[in-house]
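Please read the structure below before turning to the comments.
Lettering of chains follows the sequences in order, A, B, ..., and the numbering in each one begins at 1.
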Amino acid sequence: GESVGLHLPTLSVQEGDNSIINCAYSNSASDYFIWYKQESGKGPQFIIDIRSNMDKRQGQRVTVLLNKTVKHLSLQIAATQPGDSAVYFCAENSGQNFVFGPGTRLSVLP
Amino acid sequence: NAGVMQNPRHLVRRRGQEARLRCSPMKGHSHVYWYRQLPEEGLKFMVYLQKENIIDESGMPKERFSAEFPKEGPSILRIQQVVRGDSAAYFCASSPSGQRNYGYTFGSGTRLTVV
């Protein structure tokens with residue numbers, strides 16, 4: 001069946017460094033992807049999305065890269081800040097709902 | 001715009017009781033999705049509803065769980081005869097369209113604890 005997974009369950013980075021969070025997806029029919037950020041005790045918050053007709057999209061301090069050949073998605077956070085500490089989920093959509101990966105916990109070290 | 005409102009934030013039920021979780025979508029959103037999240041895990045899709053219609057309930061357990069989204073009022077996720085394994089965070093999301101190129105807006109969730 002469909003599945004979305006992450007290579008790294010936890011990631012620790014120094015404040016000010018760049019962070020890269022990876023995601024693998026298995027459904028080649030997926031054509032829309034979103035990264036969500038979830039802080040402790042809160043619901044997932046939309047960060048950035050990308051459609052399958054693109055391979056890169058940039059936002060404020062964040063960049064999403066999509067490699068359809070190997071079915072890989074990544075989220076890059078520039079100049080990581082303490083407020084970026086959270087769990088990050090990738091989600092793919094090929095039908096009527098999103099399939100979420102298990103998440104990567106990002107810890108920002110002072 | 002108050003966003004997606006879920007209540008209660010925390011709910012404690014004894015085994016065998018019923019749990020009712022409420023979700024009011026964002027203003028102008030007519031599509032509601034329920035997800036369940038176990039500790040340290042990702043979100044698992046449960047059900048997708050529009051007003052008065054269940055569109056996709058493929059992620060919903062066949063027994064004890066039901067969902068509705070009436071013409072008036074919030075969407076309700078009902079769990080009958082709760083068991084300890086139902087303890088989880090339940091998130092509701094809404095979107096303005098069922099088209100899959102729209103992201104969801106999530107509520108803050110209801111954390112159900114079954115004792």
Here the side-chain hydrogen bond (donor to acceptor under 3.5 Å, both in side chains) pairs for residues 13-24 of chain B, sequence neighbours left out, are B:E18-B:R20
Has A:K56 got more than 12 heavy atoms of other residues, nucleotides or ligands less than 6.0 Å from its NZ?
no
If you look at every heavy atom in A:F89 and B:G42, which pair is closest and at what distance?
CE2-CA, 3.4 Å
Restricting to non-hydrogen atoms, name the atom on A:N97 and the atom on B:Y104 that form the minimum distance, rounded to 0.1 Å.
CA-OH, 3.2 Å
Using heavy-atom distances under 4.5 Å, tell me whether B:Q6 contacts chain A through its side chain, its backbone, both, or neither.
neither
Contact summary for B:L43 and A:F100, nearest pair of heavy atoms:
O-CB, 3.5 Å
Could you tell me which portion of A:Y36 (side chain, backbone, both or neither) has an atom closer than 4.5 angstrom to a non-hydrogen atom of chain B?
side chain
Quick one: do A:I50 and A:L65 end up in the same hydrophobic cluster if we chain Ile, Leu, Val, Met, Phe, Trp and Tyr together by side-chain heavy atoms under 4.5 Å apart?
no
What part of A:Q38 gets within 4.5 angstrom of chain B, counting heavy atoms only: side chain, backbone, both, or neither?
side chain
According to a 4.5 Å side-chain heavy-atom criterion applied to Ile, Leu, Val, Met, Phe, Trp and Tyr, with indirect links allowed, do B:M26 and B:L21 form part of one hydrophobic cluster?
no
Throw together a table of side-chain donor-acceptor distances under 3.5 angstrom for residues 79-86 of chain B, partners on residues two or more places apart or in other chains.
from	atom 1	to	atom 2	distance (Å)
B:D86	OD1	B:R64	NH2	3.0
B:D86	OD2	B:R64	NH1	2.7
B:D86	OD2	B:R64	NH2	3.3
B:D86	OD2	B:V83	N	2.9

